Amino acid sequence: MKVNCLIEKDEDGYYYASVPSLPGCFTQAKTYEELIVRLDEAISLYLEVNESPEPDESREFVGVQAVEIRSCEG
C-alpha cells in the first residue's frame, strides 16, 4: 500500500509526519530515518484499528509550494 505523507521539519530540527488520507495518523522523530520507521509503525497500527480509505478518498500527490500570504489590513 502506498500513501502520501506530509513531512515537515521544525525550528528545533524535529521531523513531523502526517498522512492526510488517514485522519489522525501522525508521528514525529529527531531524524528522518527514525521518522520513516515510526511512520511505517503508525500507519500499520492505524490500519489495524481503522478501515483502509476508499479509493475515491485517496489523494494524488501533486507537489509542495511555499506560499507567502499577506495579511488583510482594514
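Remember, predicted model here, so these are calculated numbers, not experimental data.
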Q. If you look at every heavy atom in P20 and C5, which pair is closest and at what distance?
A.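 Looks like CD-CA, 4.5 Å.
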(Q) How close do S21 and P23 get, counting heavy atoms only, and between which atoms? (A)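 So the two residues come closest at O-CD, 3.5 Å.
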Q. Which residues pass the side chain to side chain donor-acceptor pair (under 3.5 Å) test with D10, sequence neighbours left out?
A.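 Per chain and number, D10 pairs via side chain to side chain donor-acceptor pair (under 3.5 Å) with Y16.
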Q | With E41 via side chain to side chain donor-acceptor pair (under 3.5 Å) - residues at least two apart | A |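 With neighbours one apart ignored, the set is empty.
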Between [atom1] of [X] and [atom2] of [Y], what distance do you get to the nearest 0.5 Å?
| X | Y | atom1 | atom2 | result |
| --- | --- | --- | --- | --- |
| L45 | L22 | CG | CG | 12.0 Å |
| L47 | C25 | CG | SG | 7.5 Å |
| I43 | S52 | CD1 | OG | 11.0 Å |

Q) Is the OH atom of Y46 crowded by more than 12 outside heavy atoms at less than 6.0 Å? A)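 Correct, the count exceeds 12.
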Q. Which other residues end up in the same hydrophobic cluster as Y15, if Ile, Leu, Val, Met, Phe, Trp and Tyr are linked when side-chain heavy atoms come under 4.5 Å apart?
A.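 Other cluster members: I7, Y32, L35, I36.
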Q) Any salt bridge (Lys or Arg N to Asp or Glu O under 4.0 Å) pairs touching residues 25-38, not counting sequence neighbours? A)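 Salt bridge (Lys or Arg N to Asp or Glu O under 4.0 Å) check on residues 25-38 returns E34-R38.
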Q | E8: salt bridge (charged side-chain N to carboxylate O under 4.0 Å, His left out) partners, not counting sequence neighbours | A |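 In terms of salt bridge (charged side-chain N to carboxylate O under 4.0 Å, His left out), with neighbours along the sequence ignored, E8 is linked to no residue.
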Q: Taking the side chain as every heavy atom from C-beta outward, state whether L6 and V19 have any atom pair closer than 4.5 Å.
A: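 No, too far: nothing below the 4.5 Å cut-off.
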